[in-house]
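As the structure is a prediction and not an experimental result, all values here were calculated from the model. Letters A, B, ... mirror the listed sequences (proteins, then strands); counts begin at 1.
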Amino acid sequence: EPEVTQTPSHQVTQMGQEVILRCVPISNHLYFYWYRQILGQKVEFLVSFYNNEISEKSEIFDDQFSVERPDGSNFTLKIRSTKLEDSAMYFCASSSRGAGDTEAFFGQGTRLTVV
Amino acid sequence: QQPVQSPQAVILREGEDAVINCSSSKALYSVHWYRQKHGEAPVFLMILLKGGEQKGHDKISASFNEKKQQSSLYLTASQLSYSGTYFCGTRGGSNYKLTFGKGTLLTVNP
């Protein structure tokens, strides 16, 4: 069964360092998303991406965040200068159409720990 | 604006029923239900697109009252495997993002 895969599963980084979280969406999907979940809290939307550009982003997704689809299969989230409060589980998701019309498939997540 | 879920937590014995509610102050285009087990990714349960729509599979079903901007998830004859946190995700008509509620922690005990 097709699935969204994320790497690494766990990343520890020092405050101020840059991190890149990687995702391989389901191959025929066109819409890609990043969400984050701080431990014990709800899943929060960060950004959606379609047709090689950001279609929507939340207030959380400020200038320190960026997304990229460097090739036909990968979708990355970059955090330029990590802060302690960036520690969270980051989920990538993809869907064949806009999220409102069809289900989004989530990856297993990357647990980011900023120390 | 995030949807409001209730209750925040519920504890059941195996075989009992539960209802989880999700409401929004804004008009909804669709409602998505997900279940997340501890340390795992959210897993899609179902999506409701139209007012009055009801869906279900196995013993989990949901309804969408568009006028009330509310959806309810019904778990019947609960099983141990139903334990987890249930999130509703809602979408208005003009954006792609899903906005999730804070979740309802469901614990099913033997």
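Between Ala41(B) and Gly107(A) the shortest heavy-atom distance is CB-O, 2.8 Å. Scanning all heavy atoms of the two residues, the minimum distance from Ile47(B) to Thr102(A) falls at CD1-N, 3.9 Å. Between Val43(A) and Phe100(B) the shortest heavy-atom distance is O-CB, 3.5 Å. Across all their heavy atoms, Tyr34(B) and Glu103(A) have their closest contact at OH-C, 4.3 Å.
Heavy atoms from other residues, nucleotides or ligands lying under 6.0 Å from NZ of Lys42(A) number more than 12. Within 6.0 Å of CG in Asn28(A) there are more than 12 heavy atoms belonging to other residues, nucleotides or ligands. The 12-atom threshold is not exceeded at CD1 of Ile11(B), counting heavy atoms of other residues, nucleotides or ligands nearer than 6.0 Å. Shown here is Leu84(A), whose CG atom has more than 12 heavy atoms of other residues, nucleotides or ligands within 6.0 Å. Under a cut-off of 6.0 angstrom, the local environment of NZ in Lys26(B) is sparse, with at most 12 non-hydrogen atoms contributed by other residues, nucleotides or ligands.
Within the model, atoms CZ of Phe45(A) and CG of Leu98(B) stand 9.0 Å from one another, a figure rounded to the nearest 0.5 Å.
With a 4.5 Å cut-off on non-hydrogen atoms, Phe106(A) touches chain B through its backbone and its side chain both.
With chain A as partner, the option from Gly101(B), Pro42(B), Gly89(B) having the largest number of non-hydrogen pairs under 4.5 angstrom is Pro42(B). If you tally non-hydrogen atom pairs under 4.5 Å between each of Gln41(A), Gln6(A), Gln37(A), Arg111(A) and chain B, the highest count goes to Gln37(A). Ranked by heavy-atom pairs under 4.5 Å with chain A, the list Lys102(B), His38(B), Met46(B) is led by Lys102(B).
The hydrophobic clustering, which links ILVMFWY residues whose side-chain heavy atoms are closer than 4.5 Å, places Leu30(A) and Tyr33(A) together. Leu112(A) and Phe91(A) are not part of a single hydrophobic cluster, where members link through side-chain heavy atoms under 4.5 Å apart.
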